Every structure is written in structure tokens, then in C-alpha cells.
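Structure first, then comments.
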2 protein chains.
Amino acid sequence: MESTISGVGVIDKAAAILSAVADEPLALAGLVEATGLARPTAHRLATALECHGLIRRDPDGRFALGAQLLALGHAASRSWPLAEAANFALGGLRDQTGESAQLYVRQGDRRVCLASLESGHGLRTIVDTGEILPLGLGSGGRVLLEEVGPDGWLASVEERQQGVASVSAPVVDAAGRVVAAVGVSGPIQRLTRDPGPRFGPAVVAAAVSIATDAGLT
Amino acid sequence: MESTISGVGVIDKAAAILSAVADEPLALAGLVEATGLARPTAHRLATALECHGLIRRDPDGRFALGAQLLALGHAASRSWPLAEAANFALGGLRDQTGESAQLYVRQGDRRVCLASLESGHGLRTIVDTGEILPLGLGSGGRVLLEEVGPDGWLASVEERQQGVASVSAPVVDAAGRVVAAVGVSGPIQRLTRDPGPRFGPAVVAAAVSIATDAGLT
DNA sequence: ACGTATATTCCGGAATATGGAATCCACCAT
DNA sequence: ATGGTGGATTCCATATTCCGGAATATACGT
């Protein structure tokens, strides 16, 4: 029976419960449907998670993500050397380009925003820390899939969102593995339909700077 | 055999691993010491959590909090009606008082910051969303312990941090239970050593407004 | 090349999670 | 009040799953 993905069944189920509940608060019946677990099992695990603050009950009694996850998320970004290093370099990148700058890491078949600084313009792209975006769409995602051009950067225009363009570059570790993607994004009006040549070099420089500052050498 | 606190042993252990790792990245040996688990058990559970992105390995191979926790933390604050309502009311409170404004909820024997807006002053208190503070110290924490004065607010001076004072009020649900604490905080120089009378009414008003907007009636 | 410290895997035994069925509860309509 | 319905919650025997001592592998320093 190799139906367990992590080697520990209970943890697979708990993770399934958390991501089911992450989409929207769910009553027990909804949780059962979303996870495929038996009703007593879903209930037992959800209440167990509730004991540890990973899940809470909303005013209607439905299961929702708990306060402990806020604390852990905060601690997670604090403990990430990459995020510390990035916040400095992203500041420079934003000031230099005048556009919003973000850092993404891969998480399974998606990407998570590790750090984000917003442009001062009224019209700007907004991505929150912790936000999830697809891997295949947008320059940041495709950089994480190792699709990089010969100049070390990759540009995309209206792939993920209408009217938005972006330029990203990989942050690589000593072994050459892509560990993150830095990028700037903004409206086509300012970035134009071919933003690569104009923003690429600055983005690549920021990526190198982040890798150095984070000690990936 | 009542050694299990949530009813599901594996979840207790996984939660212990997460909070151990939240303090600082740990090698397996450190994880064993911090949790009291057997080495193989700690390893198996940690790698299982790693499969789901709740834990990652830092460049030195130690266990640290994973990217999925950022995503879940973000989703958690999104799904919190209280946080939505608070961000509006906190803005008003900050503009009205000129000081930093925060919302806390209780999480076990601590409190977690659900939302935070910072004062425009150069000298100001800074608390991040997701940050953890003690329950017993500071007006916000003590409000969560139901210690409220007759006027509906509570002030504290230099309890938690030197030079800082704060005034907080409880957000109560329909049943009268305290579900959160709103407050303003800032340096004694501006708040004085008796900030209650000056800020209390505005804080109480914000608390009521949050309760209403969040649908707690 | 050797020794040490650490991480990782193995595997039999035993505690633990499982889920069908029964129970309880809140709410609504009669 | 009373019966009925849709949910959540608890029970419990069973088998599955997890546990952890011991063996092994790996990385690192000398």
C-alpha cells in the first residue's frame, strides 16, 4: 500500500486539511468532501490541529486557518536569510527602476512570494508576502522552472495578468541551482512590450547581490 | 495513558517540531533535544513535514520553517473577518491618535498580532503582523485576560518595553466573550504616563466598530 | 587513510489511528 | 410541546501505522 506520499499518513492528512481550509473556511462535511477522508478522521485531526492553534473555528463553527499559522509564517520569513538579503537589494532595485520588486521561491508546483516592495506610482502591481502564484505564468515563475535567456534574465508580457509585464532573474546557489527568482513588474504603459533590455541588467545585478548577501556564494 | 494532549500523537509531535524550529533552525540533534522525541521519530516526522513544504532545509542542512507556512499565514490573515474589519478601523484610529495601532488575538498563553498600522512619527512602536507577544504584559495582553477597567479600556506604561505606553480595549462578540484586543501604542514622551483618559474613548470606539464590521454584532 | 560525529535506513513489535455505527445536539416545522 | 432532519461528535474493536533500538551510510576533520 504505497498511497502515503510523505511516509507518515497522519501528516499527509493534516496537510491536506490545512490546504483545503486555506481556500475557504469549511464545515466538517465540506472538509470531508475536499480531502476524501472519513468523517470521524477528518473531525479528529481537525480538532487536534485546533488544539495547537493551527486551525480555529470561525463564528459559524466552520474550520478555518488558525492564529498559530500567522505566527509561524512570520517566524518563517524572519528565519529566511534570503528574505533578509532580498529586502535590501529589492529596495535598490525598486528605487533604480521605479517599479514594484519581488522575490519568489518555488513551493511544489507553485511559487510563493518571499518579499515584496511596491513602486511609488499610483498605478502599480501589488503582491503580498506569502501570496501564491502559478509557476508556469509570468517571468518570475518561469525563471524558477529554469527557463532563462542567454543574458540571465527573462521577460514576460501579460502572461499572468492583463496589462502587466515583468522581468525576472534567477538567484543561484554555489552549485548552480535556482533557489529563487527576483523581478520587477508593472503596467505595460511604463514597461513597454519589450521590457527585457531596459530592466534586465539591473534585475540580474540584484539577483547576484542577493545570492552574495545571503551567503550562497 | 494520557500523555497525548490533542488526542492524536503524531500531530502533537509535529506541532512540537514546528514550534521548536520556529525559534531557530535546528539540526536533527538539536531537534531531538528540543522536542524530546527519539532520533528516528524526529527525523521521520521532520522529513514528512518537509514533503509538504511546512519545513525546509537551510543551506547547512538544518531544519527550518518552510515556504508553505508563509502561504498559509497569508491565507490565514485573509480569511479572518476580524482582520479585514480591523484594517479599516485601525486606520481611523491611527489617523485620529497619530500613534501606531494594533489588533491582537489570544493564542494559548500568548498573543498574536493580527493587524498593525504604524504611526507616521519618526519615533514609533513597530509590531509586525504575526508577531508574538506575552499575554501578561502590556495593555493589549491584559485586555485579552479580561482585565478591563470600568470605562472599557486599559492603559499600561512600560510593562512590556521600556519607554513605551499603550491603551487597549476588548473586541467582544455577541455572547460577551473577548475575542481580540485593539490598542494604540507609542513612546511615553507623547502618550504621557497616564494615557488612558486621552486615548481610551477612541480605542473603545474602534473596538466597537471592529466588532460591528466583523459581524459579531 | 583513519576516526568521529552526524544523518539516514531497517524492521519486528506494540501502541495508535481508523471508520462504521451509534449518539447527541441544534434547529426548524408541525 | 413534539417529532423530524441535518449536522457534529463519540464509541470501540480491528488492523494498520508508527515507534525506536540497532545497524548503516555519509560527511567532515585530522
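Lettering follows sequence order; numbering is per chain, from 1. Computed from a prediction, not measured in an experiment: that's the story for all the values here.
Between A:R44 and C:dT18 there is a side-chain N or O to OP1 or OP2 distance below 4.0 Å. Residue B:K13 has no polar side-chain atom (N or O) positioned under 4.0 Å from OP1 or OP2 of D:dC18. Look at B:H43 and you won't find any side-chain N or O under 4.0 angstrom from OP1 or OP2 of C:dA7.
Closest contact between the side chain of B:T41 and the listed nucleotides D:dC11, D:dC19, D:dC18 involves D:dC19. Ranking C:dA17, C:dT8, C:dA21 by closeness to the B:R39 side chain, first place goes to C:dT8. Of the candidate nucleotides D:dA8, C:dG20, D:dC18, C:dG20 has the atom nearest to the side chain of A:P40.
Nearest-nucleotide mapping onto DNA chain D: of A:V8 and A:A27, the residue sitting toward the 5' end is A:A27.
Spacing between atom CD1 of A:I11 and atom P of C:dT16 amounts to 16 Å, rounded to whole angstrom units. In this structure, CG of B:L31 is placed 14 Å from C1' of C:dT8, rounded to the nearest angstrom. Distance B:L37 CG to D:dG21 P: 12 Å, rounded to the nearest Å. Atom-to-atom, CG of A:D60 to C1' of C:dA26 comes out at 14 Å; the value is rounded to the nearest Å. Rounding to whole angstrom units, CG of residue B:L26 and P of C:dA7 are separated by 11 Å. For the pair A:R62 CZ and D:dG7 P, the interatomic distance rounds to 14 Å; values are reported in whole Å. Computed from coordinates, the B:D12 CG to D:dC19 C1' distance equals 15 Å when rounded to whole Å. For the pair A:L45 CG and D:dA8 P, the interatomic distance rounds to 15 Å; values are reported in whole Å.
Ion pairing between a basic and an acidic side chain is recognised when a charged N comes within 4.0 Å of a carboxylate O; A:R57 and A:E50 show such pairing.
Within 4.0 Å of A:R57, counting heavy atoms only, lie sugar-phosphate atoms of the nucleic acid but no base atom. Among the atoms of the strands shown, none is found under 4.0 Å from any heavy atom of A:G30.
Between A:L154 and A:V148, the closest heavy-atom pair is CD1-CA, 4.3 Å. Nearest heavy-atom pair, A:S79 versus A:P81, reported as atom, atom and distance to 0.1 Å: O-CD, 3.2 Å.
The main-chain N or O of B:L65 is found under 3.5 Å from a side-chain atom of B:R56 such that the two form a donor-acceptor pair. No donor-acceptor distance shorter than 3.5 angstrom exists from the side chain of A:S209 to the backbone of A:A205, with no hydrogens or angles considered.
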